[in-house]
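Accompanying notes for the structure given below.
The model shown is predicted, which means the values in this text are computed figures rather than measured ones. We number each residue from 1, following the sequence as shown.
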Amino acid sequence: MSTAQASDAVVIGGGLVGAAIAYGLVRKGLEVVLLDEGDVAYRASRGNFALVWVQGKGDGQPAYTRWTRASASEWPGLRDMLAEATGIDTHLQQPGGMHLLFSDTEVAQRLALLERMKLAAGNHGYEYRLVEGQELRDMLPGVGPKVIAATYTPYDGHVNSLKLLHALHRGFVAAGGRYVPNTTVTGASAAPGDFRIDTAEARYATLRVVLAAGLGNRELAPHFGLQAPVVPNKGQVLVTERTKHLLPMPTVCVRQTDEGTVMLGDSKEDKGFDLSQTPDVMATIARRSIDSFPWIGQLNIVRAWSALRVMSADGFPIYEQSRRFPGAFVANCHSGVTLAAAHALLLAPMIVAGDLDPMLAPFTADRFDVPAAA
Ligand SMILES: Cc1cc2nc3c(=O)[nH]c(=O)nc-3n(C[C@H](O)[C@H](O)[C@H](O)COP(=O)(O)OP(=O)(O)OC[C@H]3O[C@@H](n4cnc5c(N)ncnc54)[C@H](O)[C@@H]3O)c2cc1C
């Protein structure tokens, strides 16, 4: 193998998480190499539902609520930066979001959840309200009679996540980053601040390494004294033909894209690495969508896919700097669209500084360690 190619940072994984961090690092003036196996794997970054979503996130972990809200607040800045640097419009809209409710039990459970979150948020506040009757019909034209109410929070929105991924990559390269596609990291050697990363074609020497390889982090992390106990969680999504703009805001399971198609989703299935699409799940998604908005029944389904989320056991992200090998960082989450702004504009500067903010302390992977039996 030829001599190692040197850089300030190597980011492994060019999905939404790696691309956002790499973009943030290069904006801070670092010389960055982004190594990416490419679109061969599980397509989380290309198969997601594209919500920038806050409502209901962080029950039992207020630090996650704060992180998610911080990202939603940073999103307009990221949109503007990417538009200026690349000319790509990520079509961010943040009109707030609705969670539809179909029974009194669902209403009671949802209100209890959001009240709990409001209490946990303390001085940070957590605005939500129940929307019913005519107000619901005004806010969501064509909502079905089976929907008895919805909860609204003002923080939510959605984007075009394919354009986001494209813009992050283009912005990274435009700012001087080096993208190496179709390359798989096969091995590494680590010493504090001195990492060697091996691919079949080359060896990279770097001061910092960021593991952002989605489900691939599980295998990579131990090379760097880290752990990333993430597992796949399948989501199936259906997309309708284009129609006139009817939905002024996204709901958790139905949203109208900037192009006019309507996305219907998305299942949550523990099926390992199985990516098959199944008629029963697709039928359930379609039925729930038509119950939500009966007019969807008039539209043709034009596309459907499945993709794998990157899940930790408690559903919260993993962010950590290796204690054994400072300079090595791991980043995993199942909301890479929502958190793209936090990754580019908040996390990347922490990585440059070599120190993760204490606000991320709850997200180290040692929270999953099970004490050995006595
Ligand atoms: C159905 C579905 C719906 C979703 N909806 C939303 C949503 O509405 N809002 C939201 O915020 N999030 C959503 N998500 C989650 C979001 O898509 C993910 O959090 C995000 O895509 C994860 O990005 P990632 O970069 O960690 O992983 P990935 O997208 O899996 O990217 C990892 C990258 O690392 C590369 N890689 C892996 N191993 C190696 C290696 N050894 N060497 C080099 N490269 C490697 C892979 O090729 C890949 O390019 C959804 C996900 C799914 C599946």
Side-chain angles (χ1 to χ4, degrees), residues 1-42 44-45 165-166 168-228 230 310 318-333 336 340 343-344 347-356 365:
M1 193 175 291
S2 56
T3 40
Q5 305 176 34
S7 64
D8 297 326
V10 167
V11 177
I12 305 176
L16 280 172
V17 173
I21 295 172
Y23 176 64
L25 293 178
V26 84
R27 281 191 72 250
K28 285 281 164 192
L30 261 55
E31 212 176 291
V32 184
V33 176
L34 176 56
L35 302 175
D36 190 19
E37 196 172 21
D39 188 18
V40 290
Y42 310 113
S45 294
L165 186 62
H166 184 37
L168 288 169
H169 276 260
R170 194 185 273 183
F172 170 72
V173 172
R178 183 166 160 228
Y179 177 57
V180 187
N182 308 318
T183 193
T184 304
V185 171
T186 50
S189 67
D194 179 14
F195 302 98
R196 309 288 150 129
I197 316 290
D198 292 326
T199 68
E201 302 80 23
R203 165 167 281 192
Y204 298 85
T206 184
L207 305 173
R208 298 173 195 77
V209 59
V210 182
L211 310 184
L215 292 163
N217 271 358
R218 196 179 179 108
E219 268 186 35
L220 291 170
H223 290 292
F224 303 92
L226 290 160
Q227 36 170 342
V230 285
V310 183
I318 300 172
Y319 302 117
E320 189 165 357
Q321 174 165 207
S322 174
R323 264 172 260 168
R324 215 163 125 216
F325 304 116
F329 297 83
V330 63
N332 271 122
C333 71
H343 291 157
L347 179 61
M350 296 178 204
I351 292 171
V352 175
D355 203 10
L356 296 188

Does H169 have any ring pair (Phe, Tyr, Trp, His ring centres under 6.0 Å) partners at least two apart in sequence or in another chain, and if so, which?
-> Y179
Roughly how far apart are E320 CD and L226 CG, rounded to 0.5 Å?
-> 5.5 Å
Between the side chain of S322 and the main-chain N/O of F224, is any donor-acceptor distance below 3.5 Å?
-> yes
Contacts under 3.5 angstrom, residues 6-26 side chains, donor-acceptor by atom type, not counting sequence neighbours:
from, atom 1, to, atom 2, distance (Å)
S7, OG, A9, O, 3.3
D8, OD2, E31, N, 2.7

Results of side chain to side chain donor-acceptor pair (under 3.5 Å) for Q227 - residues two or more places apart only | D369
Could you state the interatomic distance from CG (D355) to CD (Q321), rounded to the nearest 0.5 Å?
-> 7.0 Å
Would you call L347 and F329 a side-chain contact if the rule is heavy atoms closer than 4.5 Å?
-> no
Smallest heavy-atom separation, V330 atom then A228 atom, equals CG2-CB, 4.1 Å
Judged by atom type as modelled, is there a donor-acceptor pair below 3.5 Å linking the side chain of Q5 to the main-chain atoms of A205?
-> no
For Y319, the side chain to side chain donor-acceptor pair (under 3.5 Å) test, sequence neighbours excluded, returns W67, H343
d(D36 CG, T184 OG1) to nearest 0.5 Å is 9.0 Å
Return the minimal non-hydrogen interatomic distance between F325 and F195, and the atom names on each side.
-> O-CZ, 3.6 Å
Minimum-distance pair of heavy atoms, taken over all atoms of I318 and A365 | CG2-CB, 4.0 Å
Contact summary for P349 and K28, nearest pair of heavy atoms | CG-CE, 3.9 Å
Please check if the side chain of T206 supplies one atom and the backbone of R208 the other of a donor-acceptor pair under 3.5 Å.
-> yes
Sequence neighbours excluded, which residues qualify as side chain to side chain donor-acceptor pair (under 3.5 Å) partners of R323?
-> D366
Where is the tightest heavy-atom contact between L211 and N217, given as atom of each residue plus distance?
-> O-ND2, 3.1 Å
Which residue pairs satisfy the salt bridge (charged side-chain N to carboxylate O under 4.0 Å, His left out) criterion with at least one member in residues 177-194, sequence neighbours excluded?
-> D194-R196
